[in-house]
Peer 1: 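Have a look at this one before I ask anything.
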Amino acid sequence: ILDYGSTDGTFRILQENLGRMQDRFQRVELRQNKKNTGNISQNVNSLIRCAKGEYIKLITGDDIMRANCVEQMTVFMEQHPDHLMCYANVYVVDEAFRYGDNPGNQYFFEKHKAFPQKEIFGQLMKLCYVSPSILVRKSMYEKYGYYDETIHYEDYDMWLRMGKREEFLYLPQKLEYYRRGNHSKTNYRTKGGRERFIWMIKEEQKVIRKHLKGLPEEEKKKYIGFFYDRFIWAAKEAGLWRTAIQLAVKKRYDCDRNRK
């Protein structure tokens, strides 16, 4: 457990309960960083370097695993020893753990299948389709490096790195609750939604630019088009019509000049 410079008494509470956790779990260590830099990737990388097990379970602070989540994912990975990661379906809920108004809003995937390896990179350039429920082997980081600490969408960058060579395993079972609250980065319909949307575009641009390097010009143009199409659609869905029009104009400008 790494406390990242918390100021609300979290570290004291962890110290008080450390003995109970060590009795319950095989190996528990408590560490503390005195300063919180706000760099989540840096924090995650520190924890991964400390880990000694074969698997790393990735989960964000506002999501919750179902009771059998780790067990099912681990068994699945044991059945596929040559693969480095798997992802599963999840329930999509709001802050009160209510499901969406219709079945299409209840799950991350309604219908989904794992893509053949040769299609993965291209599909990821269209959309980061990997769900929030993920289990990876620690050896993945030894092969592809740790998360890029200079960007916010470090997981998207990692999947693009892997997508050029690896096959991604998919479990259709719904193993986690994925919360989309009023302040989620992907919720653009609430107050401040347009500002979050613009921020997200800029951050994903950093990832896309990184992976456009070295590609043939026609592929670059295709992926730039995918990038804008994704956000034009998202802007329309959120009712951000002015932003959608601006993106459509920008898409034509950037694709015509084959730059981003």
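Keep in mind that what you see is a predicted model, and the values were worked out from it rather than measured. Only heavy atoms go into these numbers, but all of them, side chains included; no hydrogens, no water, no symmetry mates.
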Peer 1: Checking N89 side chain against Q173 main chain: does a donor-acceptor pair fall under 3.5 Å?
Peer 2: no
Peer 1: L247, V207: one ILVMFWY side-chain cluster at the under-4.5 Å cut-off?
Peer 2: yes
Peer 1: How far apart are the C-alpha atoms of K220 and E217, what are their side-chain angles, what is the distance that settles it, and do they pass the salt bridge (charged side-chain N to carboxylate O under 4.0 Å, His left out) test?
Peer 2: CA-CA 5 Å; K220 287 183 182 179; E217 295 304 313; 3.5 Å; yes
Peer 1: Closer than 3.5 angstrom, by distance alone: can the side chain of S41 be matched with the main-chain N or O of Y147 as a donor-acceptor pair?
Peer 2: no
Peer 1: Heavy atoms, side chains only, cut-off 4.5 Å: are I134 and M85 in contact?
Peer 2: yes
Peer 1: Do R49's NZ or CZ and the ring of Y146 fall within the cation-pi criteria of under 6.0 Å and 45°?
Peer 2: yes
Peer 1: Any chance you could lay out the side-chain contact (heavy atoms from CB on, under 4.5 Å) test for Y87 and S133, step after step, and finish with the verdict?
Peer 2: CA-CA 5 Å; Y87 62 101; S133 183; 5.9 Å; no
Peer 1: Are E119 and K126 within salt-bridge range, i.e. N to O under 4.0 Å?
Peer 2: no
Peer 1: When the ring planes of W199 and Y153 are compared, do they come out parallel, tilted or perpendicular, using 30° and 60° as the limits?
Peer 2: tilted
Peer 1: Is the shortest heavy-atom distance from the side chain of L169 to the side chain of M77 under 4.5 Å?
Peer 2: yes
Peer 1: Using a 6.0 Å cut-off, check whether atom CD1 of I40 has over 12 heavy atoms from anything other than its own residue.
Peer 2: no
Peer 1: Indicate yes or no: does K206 engage D157 in a salt bridge with an N to O separation below 4.0 Å.
Peer 2: no
Peer 1: For F227 and F231: C-alpha separation, side-chain torsions, deciding distance, then whether ring pair (Phe, Tyr, Trp, His ring centres under 6.0 Å) applies.
Peer 2: CA-CA 7 Å; F227 172 84; F231 281 103; 5.1 Å; yes
Peer 1: When the ring planes of Y129 and F168 are compared, do they come out parallel, tilted or perpendicular, using 30° and 60° as the limits?
Peer 2: tilted
Peer 1: So, does D63 use its side chain to make a donor-acceptor pair with the main chain of Y178 at under 3.5 Å?
Peer 2: no
Peer 1: Rounded to the nearest 0.5 Å, how far does CG of D155 lie from SG of C128?
Peer 2: 6.0 Å
Peer 1: When clusters are formed by joining ILVMFWY residues with side-chain heavy atoms under 4.5 Å apart, either directly or through shared neighbours, do L30 and M21 land in the same one?
Peer 2: yes
Peer 1: With heavy-atom distances below 4.5 Å as the criterion, would you say the side chains of I1 and V28 are in contact?
Peer 2: yes
Peer 1: Before you tell me yes or no, could you show the steps for T37 and Y4 under side chain to side chain donor-acceptor pair (under 3.5 Å), namely the whole-Å CA-CA distance, both residues' side-chain angles and the distance that decides it to 0.1 Å?
Peer 2: CA-CA 8 Å; T37 64; Y4 213 51; 3.2 Å; yes
Peer 1: Between D3 and R31, does at least one N-O distance fall below 4.0 Å, as a salt bridge requires?
Peer 2: no
Peer 1: Where the side chain of Y223 meets the backbone of H211, is there a donor-acceptor pair that is under 3.5 Å apart?
Peer 2: no
Peer 1: Spell out, yes or no, whether V44 and M162 are grouped together once hydrophobic residues are joined by side-chain heavy atoms under 4.5 Å, including indirect joins.
Peer 2: yes
Peer 1: Is the backbone of Y156 close enough, under 3.5 Å, to the side chain of R161 for a donor and an acceptor to pair up by distance?
Peer 2: no
Peer 1: If I take atom CG from residue L160 and atom NZ from residue K164, how far apart are they, to the nearest 0.5 angstrom?
Peer 2: 7.5 Å
Peer 1: Do L2 and Q32 have side chains that get closer than 4.5 Å, going by heavy atoms?
Peer 2: no
Peer 1: side-chain contact (heavy atoms from CB on, under 4.5 Å), that's the test. Do V90 and F109 meet it? Break it down for me.
Peer 2: CA-CA 8 Å; V90 299; F109 300 116; over 6 Å; no
Peer 1: Passes side-chain contact (heavy atoms from CB on, under 4.5 Å), I64 versus E176? Steps please.
Peer 2: CA-CA 6 Å; I64 294 180; E176 292 183 27; over 6 Å; no
Peer 1: Any salt bridge linking K222 with E219? Criterion: basic side-chain nitrogen under 4.0 Å from a carboxylate oxygen.
Peer 2: no
Peer 1: Does the R66 side chain pair with the main chain of K174, one donor and one acceptor, at a distance under 3.5 Å?
Peer 2: yes
Peer 1: Between E16 and R12 (salt bridge meaning N to carboxylate O under 4.0 Å), is one present in this structure?
Peer 2: yes
Peer 1: Rounded to the nearest 0.5 Å, what separation is found between the CZ atom of R137 and the SG atom of C86?
Peer 2: 9.0 Å
Peer 1: Take W159 and I120, measure what side-chain contact (heavy atoms from CB on, under 4.5 Å) needs, and give me the verdict at the end.
Peer 2: CA-CA 9 Å; W159 310 141; I120 289 177; over 6 Å; no
Peer 1: Kindly indicate whether the side chain of E166, heavy atoms from C-beta on, has any atom under 4.5 Å from the side chain of H83.
Peer 2: no
Peer 1: Looking only at heavy atoms, what is the nearest atom pair of K236 and A244, with distance?
Peer 2: CG-CB, 4.0 Å
Peer 1: As an exercise, state the distance from CD1 of I48 to CG of N43, rounded to the nearest 0.5 Å.
Peer 2: 10.0 Å
Peer 1: Could you tell me whether K138 and E54 make a salt bridge, using a distance below 4.0 angstrom between a side-chain N and a carboxylate O?
Peer 2: no
Peer 1: Side chains of K143 and L84: closer than 4.5 Å at any heavy-atom pair?
Peer 2: yes
Peer 1: Any side-chain heavy atom of E167 within less than 4.5 Å of one from P116?
Peer 2: no
Peer 1: Could you see if F226 belongs to whatever hydrophobic cluster contains L215? Use Ile, Leu, Val, Met, Phe, Trp, Tyr and a side-chain cutoff under 4.5 Å.
Peer 2: yes
Peer 1: So, does Q72 use its side chain to make a donor-acceptor pair with the main chain of L171 at under 3.5 Å?
Peer 2: no
Peer 1: To the nearest 0.5 angstrom, please state how far the CD1 atom of I151 sits from the CD atom of E203.
Peer 2: 8.5 Å
Peer 1: Check this for me, if you would: do E29 and R27 make a salt bridge, where the nitrogen-to-carboxylate-oxygen distance has to be below 4.0 angstrom?
Peer 2: yes
Peer 1: With clusters defined by side-chain heavy atoms of hydrophobic residues (ILVMFWY) lying less than 4.5 Å apart, directly or transitively, does L175 cluster with I56?
Peer 2: no
Peer 1: How far apart are the C-alpha atoms of F115 and Y170, what are their side-chain angles, what is the distance that settles it, and do they pass the ring pair (Phe, Tyr, Trp, His ring centres under 6.0 Å) test?
Peer 2: CA-CA 9 Å; F115 295 104; Y170 170 64; 9.7 Å; no
Peer 1: How far does CD1 of I224 sit from CZ of R209, to the nearest 0.5 angstrom?
Peer 2: 9.5 Å
Peer 1: Tell me whether D8 contacts the main-chain N or O of T10 through its side chain, where contact means a donor paired with an acceptor under 3.5 Å.
Peer 2: yes
Peer 1: For the side chain of Q42 and the backbone of E149, is there at least one donor-acceptor N/O pair under 3.5 Å apart?
Peer 2: no
Peer 1: Side chains of F197 and T243, heavy atoms from C-beta outward: is any pair under 4.5 Å?
Peer 2: yes
Peer 1: Does any N or O in the side chain of K57 come within less than 3.5 Å of the main-chain N or O of V70, such that one atom is a donor and the other an acceptor?
Peer 2: no
